[in-house]
Amino acid sequence: MSAGAGDNWWAIGLRGVAAILFAITILSLPPQAVAPLVFLFAAYLAADGAFAILAGMRAPRWGYRWPMLIFEGSVNLAAAAAVLVWQAVAAVALVQIATAWAVITGGLLLAAAHRLSRSGGRWILMLAGVVSASWGALVAAIGASDTRAIGLWLVGYALIFGGTLAALAGHWQRRRPLQLRARAGRDG
């Protein structure tokens, strides 16, 4: 595991919690509520982006950088802004932005996973990337014709993605004492 990654387990965990809360909130919306869904999606993207950037930026104090997480967070913030700007145009724009965002961030998560050791949770981060990219491809195939179906697929995605990130955070938190002992032995 990368030293910087383990220290930021809580930021990854917050990303997972935000995704799960987003899914629960979507379930509470009326079936045809598109406008609140747009604003919730933008808020989720902004929160997820901020936590991704925070996780990537905090790593340098240990001599590691996570540029893919920082870039992913930047993509999330740009997508949140795009959703808010184009939300008045149509639901089609939201679906197009969401699918592009999911595929791009999925690829960035897969790239970030290659920085991890096998025991550092690489497979968990790869699963998060596959889930994101797969959801984007699935929604692109469905199109914007059925907003309720897209909303339900979004709930499924957010629950799985959030659970995956929470699992990664838990994995990193459990491994942190080992990492600290190794660092102390190296420094001491």
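All of these numbers come straight from a predicted model, not from anything done at the bench. Scope of the values below: all heavy atoms of this structure, side chains included, with no hydrogens, waters or symmetry mates.
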[atom2] on [Y] to [atom1] on [X], rounded to 0.5 Å:
| X | Y | atom1 | atom2 | value |
| --- | --- | --- | --- | --- |
| Leu109 | Leu127 | CG | CG | 10.5 Å |
| Thr164 | Ile124 | OG1 | CD1 | 8.5 Å |
| Ile26 | Leu152 | CD1 | CG | 9.0 Å |
| Leu165 | Leu125 | CG | CG | 7.5 Å |
| Ile12 | Leu69 | CD1 | CG | 5.5 Å |
| Leu138 | Trp153 | CG | CH2 | 5.0 Å |

What are the two closest non-hydrogen atoms of [X] and [Y], and how far apart are they?
| X | Y | result |
| --- | --- | --- |
| Arg122 | Ala113 | CG-O, 3.3 Å |
| Pro36 | Leu29 | CB-CD2, 3.7 Å |
| Ala158 | Phe22 | CB-CD2, 3.9 Å |
| Met126 | Leu110 | O-CD2, 3.4 Å |

Single-linkage hydrophobic cluster, 4.5 Å side-chain cutoff, Val130 and Met68 together: no
Joint cluster assignment, Leu168 & Leu159, ILVMFWY side-chain distance < 4.5 Å: yes
Partner of Trp135 under side-chain contact (heavy atoms from CB on, under 4.5 Å), chosen from Val103, Ile160, Leu154: Leu154
Output a table of donor-acceptor pairs, distance under 3.5 Å, between side-chain atoms of residues 37-47 and any protein atom two or more places apart or on a different chain; print 'none' if there are none.
none

Ser134 side chain vs Val131 backbone, donor-acceptor pair below 3.5 Å: no
Donor-acceptor under 3.5 Å (Ser132 side chain, Gly129 main chain): no
Partner set under side-chain contact (heavy atoms from CB on, under 4.5 Å) for Ala52, not counting sequence neighbours: Arg15, Glu72
Within-4.5 Å side-chain heavy-atom neighbours: Trp10 and Leu54: yes
Side-chain heavy-atom pair Ile24, Val155 within 4.5 angstrom cut-off: no
